Amino acid sequence: MAWLLLLIAGATEIVFAISLRYNEGFTKLLPSLVSAATGGLSLYLLMLAIKTLPIGTAYAVWTGIGAVGTAIFGLILFKESCDWFRLLSIGLIIIGIIGLKLTDNP
């Protein structure tokens, strides 16, 4: 259950990060509300997950999911650079997340 909460926390972290791009310095109401809600929800779910998962693992996986998801959506939504080194770097983060999951022992 903790891993599911952590995955959802990571997904809401992606929505939070993307919404920051649209809220224009918290001057647009709806994107600002989305930022506040998803940021708070993401932290809350992380807090629930770390009740049973090691904090180092959970935090690293949470930030990794957020980083990878945000980078991928940046490629798609904002036409950010899609060079091989960026894709390799995203892949290495994914490998790190998988490695942390495989070494978790709760």
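Note that the coordinates shown come from a computational prediction; the quantities given were computed from them, not determined experimentally.
- Cluster annotation: Val68 and Ile76 are assigned to the same hydrophobic cluster (Ile/Leu/Val/Met/Phe/Trp/Tyr, side-chain heavy-atom contacts under 4.5 Å, transitive).
- Leu46 approaches Ala58 most closely through the heavy-atom pair CD1-O, 4.0 Å.
- Here CG of Leu43 is found 7.0 Å from CD of Glu13. Values are rounded to the nearest 0.5 Å.
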Return a table of donor-acceptor pairs under 3.5 angstrom between the side chains of residues 26-39 and protein atoms on other chains or two or more places apart.
residue: Thr27; atom: OG1; partner: Glu24; partner atom: O; Å: 2.6
residue: Ser32; atom: OG; partner: Lys28; partner atom: O; Å: 2.6
residue: Ser35; atom: OG; partner: Ser19; partner atom: OG; Å: 2.6
residue: Ser35; atom: OG; partner: Asn23; partner atom: ND2; Å: 3.0
residue: Ser35; atom: OG; partner: Pro31; partner atom: O; Å: 3.0
residue: Thr38; atom: OG1; partner: Phe16; partner atom: N; Å: 3.4
residue: Thr38; atom: OG1; partner: Val34; partner atom: O; Å: 2.7

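- Side chain of Thr70 to backbone of Ala17: no donor-acceptor contact under 3.5 angstrom is found.
- Under the 4.5 Å side-chain heavy-atom criterion for Ile, Leu, Val, Met, Phe, Trp and Tyr, Val61 and Ile55 are members of the same hydrophobic cluster.
- Note that CH2 of Trp3 is 8.0 Å distant from CG of Leu7, once rounded to the nearest 0.5 Å.
- Atom-to-atom distance recorded for Ile8:CD1 and Leu48:CG is 10.5 Å, nearest 0.5 angstrom.
- The closest side-chain heavy-atom distance from Leu6 to Leu45 is not below 4.5 Å.
- When side chains are defined from C-beta on, Leu53 does not count as touching Trp62, because their heavy atoms never get closer than 4.5 Å.
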Pairs of donor and acceptor atoms involving the side chains of residues 84-94, under 3.5 Å and at least two apart or interchain, shall be tabulated with distances.
residue: Arg86; atom: NE; partner: Ser81; partner atom: O; Å: 3.1
residue: Arg86; atom: NH1; partner: Glu80; partner atom: OE1; Å: 3.4
residue: Ser89; atom: OG; partner: Phe85; partner atom: O; Å: 2.8

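- In terms of hydrophobic clustering, with Ile, Leu, Val, Met, Phe, Trp and Tyr side chains grouped at heavy-atom distances under 4.5 Å, Tyr22 and Val15 are assigned to different clusters.
- Following chains of ILVMFWY side-chain contacts shorter than 4.5 Å, one can reach Leu75 starting from Ile14, so the two form part of one hydrophobic cluster.
- Hydrophobic clustering (ILVMFWY, side-chain heavy atoms < 4.5 Å, transitive): Leu100 and Ile65 are in one cluster.
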